[in-house]
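Order of the sequence lines fixes the chain letters, A, B, ..., with proteins taken first and strands second; residue numbering starts at 1 for each chain. Predicted model, so just to flag it, every value in this text is computed and none were measured.
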2 protein chains.
Amino acid sequence: MSKTEERLRGSGLKFTKQRQAILEILENAEQPLSAEQIYRDLAETKEVPASLSTVYRALDQMAGKNIVTKISLTGDGKALFELDCSLHRHYLYCLECGRILTIRSCPLGNYEETLTAETGFEIVGHKLNVYGYCPECRKKAQK
Amino acid sequence: MSKTEERLRGSGLKFTKQRQAILEILENAEQPLSAEQIYRDLAETKEVPASLSTVYRALDQMAGKNIVTKISLTGDGKALFELDCSLHRHYLYCLECGRILTIRSCPLGNYEETLTAETGFEIVGHKLNVYGYCPECRKKAQK
DNA sequence: TTTACTGCAAACGGTTTGCAAAAGG
DNA sequence: CCTTTTGCAAACCGTTTGCAGTAAA
């Protein structure tokens, strides 16, 4: 049983070519992808045509089972998806080319506890995204 | 000349009742508001009816002049607006009641410089939002 | 009187949904 | 078989836009 198959069956989801292909695409992606990008990849490189709504439904369900994670990063109202490896992470987003770097470290330390002490909130998590220009775009800009 | 009037005229924008009222609403708000909320407030409490598109256009223009700031916090594809006081800030969002607390301190210290050293990115800014449950909702949940 | 602003209604783009047909177990 | 999943088209929802009319300077 392949890893993608395990993930799906283990969550009680049916194992279909579409879902398999979606997971493979996410596995090979080096950054979070939009539903649209996955949809195009399915048709173009995987040759497993699936309707856009299927892609959305599959992603939603897999997000519900923590197989994938949905993030909103770009602020343009477009969601991105990546494989969930259940690690705490942040993103460094290039404002020029849209490239996304995943940051595995977290600079927040015990800030959440500090905030709880100050505000009385019970903190369950945070999102930190950093914006800037990647080395390649910086080089291009200099010329 | 009122403060709102100054802000508008100083940016080369015309001073209209709609914009005046929008700014007053934002001044009295204790948290960021959506275009929809502002729209309703205009009709209901200010009695200055303005179409939703006028609200959006006014906010967009004022955002362009740094009179207001547009933030996306909730992840549901709904933008929020607040008066821009050009201060660096973060938000603490209650997942239960939607209440938003503005945090004026920033725990990031010189993290941006660290990141630049590690990645080669030129960092221009970051967004940090913290999610949890406010004291009131925690109390209710206990019962 | 010139230019910016407004209202309306229609368009837009990403996402969701209802329904009947197809496929998984 | 029974249940889930799929495709299609239409609905949705926040936001944007074209245009003709109105108000600010």
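With the nearest nucleotide of DNA chain D identified for both B/Tyr56 and B/Leu13, B/Tyr56 has the one nearer the 5' end. Mapped onto DNA chain D by nearest heavy atom, B/Leu52 and A/Leu52 fall at different nucleotides, with A/Leu52 at the one closer to the 5' end.
The CD atom of B/Gln18 sits 7.5 Å away from atom CD1 of B/Ile22, with the distance rounded to the nearest 0.5 Å.
At the heavy-atom level, A/Ala79 lies under 4.0 Å from the strands shown only through sugar-phosphate atoms. Heavy atoms of A/Asp60 sit under 4.0 angstrom from primed sugar atoms or phosphate atoms, though from no base atom. Nucleic acid contact class of B/Ala58 (heavy atoms, under 4.0 Å, all strands): none. Residue A/Arg19 is in sugar-phosphate contact alone, with no base atom involved, counting any heavy-atom pair closer than 4.0 Å across all strands shown.
For A/Arg7 and A/Glu27, the salt-bridge test passes: some basic side-chain N is under 4.0 Å from an acidic carboxylate O. Using a 4.0 Å cut-off between charged side-chain N and carboxylate O, B/Glu82 and B/Arg89 make a salt bridge. Here A/Glu136 pairs with A/Arg99 in a salt bridge; the nearest charged N to carboxylate O distance falls below 4.0 Å.
When hydrophobic side chains of Ile, Leu, Val, Met, Phe, Trp and Tyr are connected at separations under 4.5 Å, A/Leu87 ends up as a singleton with no cluster partners.
Residue A/Ser51 places at least one side-chain N or O closer than 4.0 Å to OP1 or OP2 of D/dG7. Side-chain nitrogen and oxygen atoms of A/Gln18 include at least one within less than 4.0 Å of the OP1 or OP2 phosphate oxygen of D/dG7.
When distances are taken from the side chain of A/Ser53 to each of D/dA9, D/dT16, C/dT6, the shortest belongs to D/dA9. Among the nucleotides D/dT16, D/dT6, C/dG7, the one closest to any side-chain atom of B/Lys70 is D/dT16.
Within residues 25-48 of chain A, no residue is approached by DNA chain C to less than 4.0 Å at the level of any non-hydrogen atom.
The main-chain N or O of B/Leu128 is found under 3.5 Å from a side-chain atom of B/His90 such that the two form a donor-acceptor pair.
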Any chance you could lay out the side-chain contact (heavy atoms from CB on, under 4.5 Å) test for B/His88 and B/His126, step after step, and finish with the verdict? CA-CA 10 Å; B/His88 184 73; B/His126 63 260; 3.0 Å; yes

For nucleotides 20-24 of chain D, list the nitrogen or oxygen atoms of the protein found under 3.5 Å from its nitrogen or oxygen atoms, one pair per line.
unit_1 : atom_1 : unit_2  : atom_2 : d
D/dA24 : N3     : B/Lys14 : NZ     : 3.1

